[in-house]
Each structure stands twice: as C-alpha cells, then as structure tokens.
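Notes to accompany the following structure.
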Amino acid sequence: MAMSDDALRLERSELQRLIDALAARGYCVFGPTVRDGAIVYDELSSMRDLPEGWTDEQDAGKYRLKRRADRALFGYAVGPHSWKKYLFPPEQRLWSAARTASGFEIREEPPASTRYAFLGVRSCELHAIAIQDKVFMQGEYVDPGYARRRKDAFIVAVNCGHAAGTCFCVSMNSGPAVSSGYDLALTEVLNSGEHYFLVQSGSQRGAEVLESLSHRAASAPEINAAHEVVEETARQMGRTLDTTEINALLHRNLEHPRWTEVAARCINCANCTMACPTCFCSTVEDTTDLTGEHAERWRKWDSCFTMDFSHVHGGSVRSTGLSRYRQWMTHKLATWHDQFGTSGCVGCGRCITWCPVGIDLTEETRAIRASDGASQSPAAEK
C-alpha cells in the first residue's frame, strides 16, 4: 500500500516548512535538484531548489531531461547519484601521519559532524540503503563511520509517481511504494487541479517533525488517489527481470556463450558500479608529500571492472573483460544471496541507463535463461 488509512494531508507549501524544520533540528538537508543536464542530489536550502516541472527519459545508454506539463516536484525516476555517496563517501581520509623529532605521529581522522536529512528517497533506494547496512553494520566487522552517519540520517521517502524506461523495481519487490526504513513518507498527488502530499510517519522522530507542520487527516478519496499514483507507476515499469531460481541459473551457466558476447561490448568503464546504489567495493591508497614529512591514507571507491581490483602477486585474478563482467553480474544477482542473504540489485536501472554502450543486465539474464545449459567452447577465454 502506498499510504495507510491514517495518512495526513500536507499542502504543497508545507514542504518548505518541512525543510526549515529539519534545518532547525541541525540537519543538512539534501535532495534532488537540476544540474548539468540531470537530476542529482545536493544540499537544499529551499523547495525552489527542487526539480519542479521536470521529468526524465531513460533507456539503455540514454538519459534526457524534459519538461512536464505540470509543476510536480518529484515527477522523475532516479538520476546518476545515489544516497550512498553521503553514507559511504567516494573518498574518505582514514588517518594522517606527520614526522616528529622522535619518529612520527599518527593522527586519527576526526568523525564527521554533519547530520544528513535526505529528502526524496525512493523505495528502491531505501532497499539499497538496507543492503549497505548489511554490508557495513550487520556483519562481524562494523564500519564506524558508516554506522555513525547512518544512525544520524533522517529519511523523507517519496512514493514513486513516475517510472523510467529502465526501472524494474516491481520485479525485485523493492518498489514503487515504500514499506519501511523511513522517518516520513510522502506521496505527491496532482489531481483535478489540486497539488498536495499525503504523509505518514515511520519513526518517533518523524512523528515529532510532522507535529511541527500544518496538516489534517486525509479523506478516503485522497488516500485512494495516492494509491492510484503508486499503482500507475507499477504499471509503467520499463523493464522486467525474472528472478526465479536466478542464483542457480547463473551458477550453472558460468561458461555460457553470452558472456563472450557481452564482453565484446563492455568497455570496462565501471560506470555501472559507480552509479549502483549497492556496490561497496573500495581500495586504500597511501600518499606522501615530496618532503616526506606528511603522509595520508585514503579509502576510495573501486570497482570489480578495474584491472588492479583483483591483482595479486603474479597478476590479476580476472584479467579479461569477460571475467570481470561475469563477476559483477553473478555477484549482483546470485552470490550476493550467498554472502548477505539478499539480492544486490534493487531494480533502479541506473546500470542500464548509465552504461555508455547500453548493456542491460535484464536482457543478459533473459538471454541466458532462454538457452539455459548452453556451454562455451573449451578454447574460449575465461
């Protein structure tokens, strides 16, 4: 369900009061805005920063902004950014060291003090955050920086009112309606000349923020209109993915000829992993200045598509494009289940949209399923 029967109605103007209320509580509010020809996530100071009247057209290797016929604030799918860039930063200094008279001194990186409020989080993105929670917080080793940022984050989710041509969250049971993991959840309704939001709280702190806003109980027709927004979005999905026994399917087709075909197109640019909201691979780099007086250690995003990622003494474990693409897709859709008990894919479609050559993992999975059991020639490169 998009909204429960106890949903409240917020007028469009109350969105500014919501931003102000979060800022007054010490949060830096981040949300969608138009920049560089895309809808990206950045800091918001006003609802005027939101992508009013904009939507997106997406297909394999294609992303275009276009104007809507209305003033919707969240009438788009998802862009190249995901919320992981705030919870799991692309670059993070771990520590620094300085030479002293008696040796050297290690200086721990002070914890970041920013408290994030995310406005406009979609259901697929909530599922992605939950997956990264498993990776960084729920295993034997906890990432303290991620855990701190995650604990402090305030999430304002938005039920999707628009599906892109590369969306397939329905196939992954991850959308378009939000179900959990939020402090507040909004549904934007444009109906018969009216423009308002239905809202419900998902936490105590969400309820406290909601109390500071003007609202009233939503009527039955308003709740039905919100349900219809989400149901219509579910009908708009541009892609589908059959996940039936997908783990076993990919495991028994590691030598399928389709891997050779897709490797011939893949340029190993790593766009798919950079845009993906669940990918978590990283590397560590040490740097020093020319004097040798100062050194730093940084963690940076990495990708299983880079040659150095699997390099060990003697060479790379995955030295070909075929092996790197196969690793990415089988880990994302199959072995992630073995490792974390869930799929690594949430159906957001970013990897399809932002692939320069339009490789589509739903198409690749469909091709393997259509000829399940086909084997590669023994001479083919692995």
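These values consider heavy atoms only, across backbone and side chains, with no hydrogens, waters or symmetry-generated copies. Nothing here was measured: the structure is a model prediction, and the numbers come from that model. Here, residue 1 is the first one in the sequence, and each next residue gets the next number.
Counting heavy atoms from C-beta outward, Arg216 and Glu222 have side chains that approach closer than 4.5 Å. Contact annotation: the side chain of Arg297 never approaches that of Glu285 to less than 4.5 Å [non-hydrogen atoms, C-beta and beyond]. In this structure the side chain of Trp83 reaches within 4.5 angstrom of the side chain of Val121, judged on heavy atoms. A 4.5 Å side-chain heavy-atom check between Arg9 and Glu194 finds at least one atom pair inside the cut-off. When side chains are defined from C-beta on, Leu22 counts as touching Val209, because their heavy atoms get closer than 4.5 Å.
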* To do: For Tyr325 and Asn268, run side chain to side chain donor-acceptor pair (under 3.5 Å): C-alpha distance rounded to whole Å, both residues' side-chain angles, the deciding distance at 0.1 Å, then the answer.
  => CA-CA 8 Å; Tyr325 185 86; Asn268 291 271; over 6 Å; no
* Please report the C-alpha distance between His251 and Thr330 in whole Å, then the side-chain angles of each, then the deciding distance to 0.1 Å, and finally whether the side chain to side chain donor-acceptor pair (under 3.5 Å) criterion is met. => CA-CA 8 Å; His251 272 110; Thr330 55; over 6 Å; no
* Show your reasoning for whether side chain to side chain donor-acceptor pair (under 3.5 Å) applies to Glu296 and His294. => CA-CA 7 Å; Glu296 296 180 346; His294 182 82; 3.1 Å; yes
* To do: Test side chain to side chain donor-acceptor pair (under 3.5 Å) on Gln16 and Ser46 and set out the steps.
  => CA-CA 6 Å; Gln16 182 61 54; Ser46 165; 3.2 Å; yes
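Trp336 and Phe280 have perpendicular rings, their planes meeting at more than 60° on a 0 to 90° scale where under 30° would count as parallel.
A distance-only check finds no donor-acceptor pair linking the side chain of Trp301 to the backbone of Thr283 [under 3.5 Å]. The backbone N or O of Thr362 lies less than 3.5 Å from no partner atom in the side chain of Thr365, so there is not a single donor-acceptor pair. Side-chain atoms of Glu188 come within 3.5 Å of backbone N or O of Leu73 as a donor-acceptor pair. A distance-only check finds a donor-acceptor pair linking the side chain of Ser171 to the backbone of Leu241 [under 3.5 Å]. Side-chain atoms of Lys84 come within 3.5 Å of backbone N or O of Cys276 as a donor-acceptor pair. A donor-acceptor pair under 3.5 Å is absent between the side-chain atoms of Glu11 and the main chain of Phe197, judged by distance alone. For the pair Arg350 (side chain) and Gly79 (backbone), a donor-acceptor distance under 3.5 Å is present. Using a distance-only test at 3.5 Å, with no hydrogens or angles considered, no donor-acceptor pair links the side chain of Thr278 to the main chain of Cys345. Side-chain atoms of Arg115 come within 3.5 Å of backbone N or O of Arg25 as a donor-acceptor pair. When atom types are taken as modelled, the side chain of Thr320 and the backbone of Ser323 share a donor-acceptor pair closer than 3.5 angstrom.
The distance from atom OH of Tyr63 to atom CD of Gln58, rounded to the nearest 0.5 Å, is 6.0 Å. Atoms CE and CG, on Met137 and Leu87 in that order, are 10.0 Å from each other to the nearest 0.5 Å. Note: Leu18 CG to Leu10 CG = 7.5 Å, rounded to the nearest 0.5 Å. Atoms SG and CG, from Cys272 and Leu361 in turn, are 9.0 Å apart once rounded to the nearest 0.5 Å. With rounding to the nearest 0.5 angstrom, the CD1 atom of Ile352 is 10.0 Å from the CD atom of Glu364.
Taking the six-membered ring where the residue is Trp, the centroids of Phe118 and Phe30 are separated by 6.0 Å or more. Between Tyr86 and Tyr116, the gap from one ring centroid to the other is short of 6.0 Å.
Salt bridge Arg12/Glu14: absent, no basic N to carboxylate O contact under 4.0 Å. Taking 4.0 Å as the cut-off between side-chain N and carboxylate O, Asp289 and Arg99 do not count as a salt-bridged pair. In this structure, Arg258 pairs ionically with Glu261, as a charged nitrogen and a carboxylate oxygen lie closer than 4.0 Å. The pair Glu57-Arg64 does not count as a salt bridge, with every side-chain nitrogen at least 4.0 angstrom from each carboxylate oxygen. The residues Asp372 and Arg252 are annotated as salt-bridged, a charged nitrogen and a carboxylate oxygen being separated by less than 4.0 angstrom. In this structure, Asp242 does not pair ionically with Arg366, as no charged nitrogen and carboxylate oxygen lie closer than 4.0 Å.
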Please tabulate, one pair per line, all N/O donor-acceptor pairs under 3.5 Å involving side-chain atoms of residues 175-186, not counting sequence neighbours.
{"unit_1": "Tyr182", "atom_1": "OH", "unit_2": "Gln200", "atom_2": "NE2", "d": "2.8"}
{"unit_1": "Asp183", "atom_1": "OD1", "unit_2": "Ser203", "atom_2": "OG", "d": "2.6"}
{"unit_1": "Asp183", "atom_1": "OD1", "unit_2": "Arg205", "atom_2": "NE", "d": "3.0"}
{"unit_1": "Asp183", "atom_1": "OD2", "unit_2": "Ile155", "atom_2": "N", "d": "2.8"}

Sequence neighbours excluded and cut-off under 3.5 Å, please list the side-chain donor-acceptor pairs for residues 162-169, or say none.
{"unit_1": "His162", "atom_1": "NE2", "unit_2": "Thr55", "atom_2": "OG1", "d": "3.4"}
{"unit_1": "His162", "atom_1": "NE2", "unit_2": "Asp56", "atom_2": "O", "d": "3.2"}
{"unit_1": "His162", "atom_1": "NE2", "unit_2": "Asp56", "atom_2": "OD1", "d": "3.1"}
{"unit_1": "Thr166", "atom_1": "OG1", "unit_2": "Thr353", "atom_2": "OG1", "d": "2.8"}

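Within a 6.0 Å sphere centred on CD of Glu245, heavy atoms belonging to other residues, nucleotides or ligands number 12 at most.
Leu190 and Met47 fall into different hydrophobic clusters, where Ile, Leu, Val, Met, Phe, Trp and Tyr residues are linked whenever their side-chain heavy atoms come under 4.5 Å apart, directly or through other members.
Judged by the 6.0 Å and 45° rule, Arg122 forms a cation-pi pair with Tyr76. For the pair Arg324 and Phe305, the cation does not sit on the ring face, since its NZ or CZ is not both under 6.0 Å from the ring centre and inside 45° of the axis. The cationic atom of Arg67 (NZ for Lys, CZ for Arg) lies less than 6.0 Å from the six-membered ring centre of Trp54 and within 45° of the ring axis.
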